[in-house]
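Report on one structure; see the data block that follows.
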Amino acid sequence: TSVGLPAWIWGAWVLGLVLVVATFFKPTWARVTAPLYALAQGLAVGAISKVYEVDLDGIVLQAVGLTIGVFAMMLVLYATGRIRVTPRLRLGIIAATGGVMLVYLATLVMRLFGGDMPFIHGTGVIGIGFSAVVVVIAALNLTLDFDFIDRAERAGAPRSMEWFAALGLLVTLVWLYLEI
């Protein structure tokens, strides 16, 4: 976009990351960290959305609509048993997600030193193709969230895990929205 992002967005991203990592190690904190994450990421995503909307009128409404549509379709596919989270599928989704996270990390490191990851963040065929693959991976992560919720309920997990599950779902939805 032609308009830069406000510098405070980085603070919101870092805060969100710290909250998620802390909650991963201490799930009972989710009752506090999940709303704080939602607030921090809401501010950041709202600012990013505003910047993109200024350059590309209507893009935010499309991204919100597509995110809701993908969420609804994945929930229907999961609830009807069309997609079953098997150990092999779980491993594949986790591996693919890890690969994407490594690319994101490499991009961050390269940008810190004035470089950039060629092709994948552009608007060409490779960049759009990469984003499409990442959207599919993010959508598949929704099935892991749904499966976690189902397994926690069947196992009689404590009520505090509801917040933990909600945080996981929110992290996936933020990622999906931004990638769309």
Side-chain angles (χ1 to χ4, degrees), residues 5-52 60-61 63-87 89-105 108 134-180:
L5 295 174
W8 58 264
I9 288 178
W10 289 105
W13 283 122
V14 170
L15 176 61
L17 178 63
V18 167
L19 290 167
V20 168
V21 170
T23 308
F24 178 78
F25 289 106
K26 193 76 169 163
T28 56
W29 290 358
R31 172 173 242 160
V32 173
T33 58
L36 290 174
Y37 173 85
L39 180 63
Q41 296 308 292
L43 289 170
V45 169
I48 291 168
S49 297
K50 175 64 175 172
V51 168
Y52 276 92
V60 170
L61 185 59
V64 168
L66 284 168
T67 302
I68 292 168
V70 169
F71 172 81
M73 184 53 64
M74 295 308 290
L75 182 58
V76 166
L77 290 172
Y78 179 82
T80 60
R82 291 297 203 191
I83 293 180
R84 288 193 194 92
V85 179
T86 64
L89 177 63
R90 184 179 295 108
L91 181 62
I93 294 169
I94 291 169
T97 303
V100 170
M101 294 305 141
L102 286 175
V103 170
Y104 287 168
L105 181 62
L108 176 65
V134 174
V135 165
V136 169
I137 294 168
L140 288 170
N141 268 272
L142 289 170
T143 64
L144 296 185
D145 295 327
F146 302 149
D147 183 60
F148 176 79
I149 292 165
D150 272 350
R151 288 185 300 120
E153 183 181 12
R154 282 194 306 271
R159 289 193 57 119
S160 63
M161 291 306 286
E162 292 173 356
W163 285 97
F164 185 75
L167 177 61
L169 196 55
L170 183 57
V171 168
T172 304
L173 287 169
V174 166
W175 177 34
L176 178 64
Y177 170 77
L178 289 174
E179 198 58 50
I180 287 175

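The shown structure was predicted, so the numbers you read here are calculated from the model rather than taken from an experiment.
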Within the structure provided, determine whether [X] and [Y] are in side-chain contact (heavy-atom separation under 4.5 Å).
| X | Y | result |
| --- | --- | --- |
| Leu142 | Leu169 | yes |
| Trp13 | Gln41 | yes |
| Ser160 | Arg31 | no |
| Tyr78 | Ile149 | no |
| Leu144 | Thr97 | no |
| Phe146 | Ile83 | no |

Would you name the heavy atoms of [X] and [Y] that are closest together and state the gap between them?
| X | Y | value |
| --- | --- | --- |
| Ile180 | Ala63 | CG2-CA, 3.9 Å |
| Pro35 | Ala30 | CD-O, 3.7 Å |
| Ile9 | Ala47 | CD1-CB, 3.5 Å |
| Asp147 | Arg90 | OD2-NH2, 2.5 Å |

Which residue in the set Leu17, Val20, Val32, Thr23 passes side chain to side chain contact (heavy atoms under 4.5 Å, CB included) when paired with Tyr37?
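Per the side chain to side chain contact (heavy atoms under 4.5 Å, CB included) rule, the option paired with Tyr37 is Val20, out of Leu17, Val20, Val32, Thr23.
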Exactly one of Leu140, Leu176, Asn141 should register a side chain to side chain contact (heavy atoms under 4.5 Å, CB included) with Met74. Which one does?
Leu140
[atom1]/[X] to [atom2]/[Y] distance, rounded to the nearest 0.5 angstrom?
| X | Y | atom1 | atom2 | value |
| --- | --- | --- | --- | --- |
| Leu173 | Asp145 | CG | CG | 7.5 Å |
| Leu178 | Ser49 | CG | OG | 7.0 Å |
| Phe24 | Phe164 | CZ | CZ | 6.5 Å |
| Ile94 | Met101 | CD1 | CE | 12.0 Å |
| Met73 | Arg82 | CE | CZ | 11.5 Å |

For the pair Thr172 (side chain) and Gly168 (backbone), establish whether a donor and an acceptor sit closer than 3.5 Å, ignoring hydrogens and angles.
yes
Looking at Trp8, I want to see if its CH2 is surrounded by more than 12 non-hydrogen atoms of other residues, nucleotides or ligands under 6.0 Å.
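Atom CH2 in Trp8 is crowded, with more than 12 foreign heavy atoms closer than 6.0 Å.
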Side chain to side chain contact (heavy atoms under 4.5 Å, CB included) assessment of Ile137 paired with Trp175
CA-CA 10 Å; Ile137 294 168; Trp175 177 34; 3.8 Å; yes
For residues Phe71 and Tyr177, establish whether the separation of their ring centroids is below 6.0 Å.
no
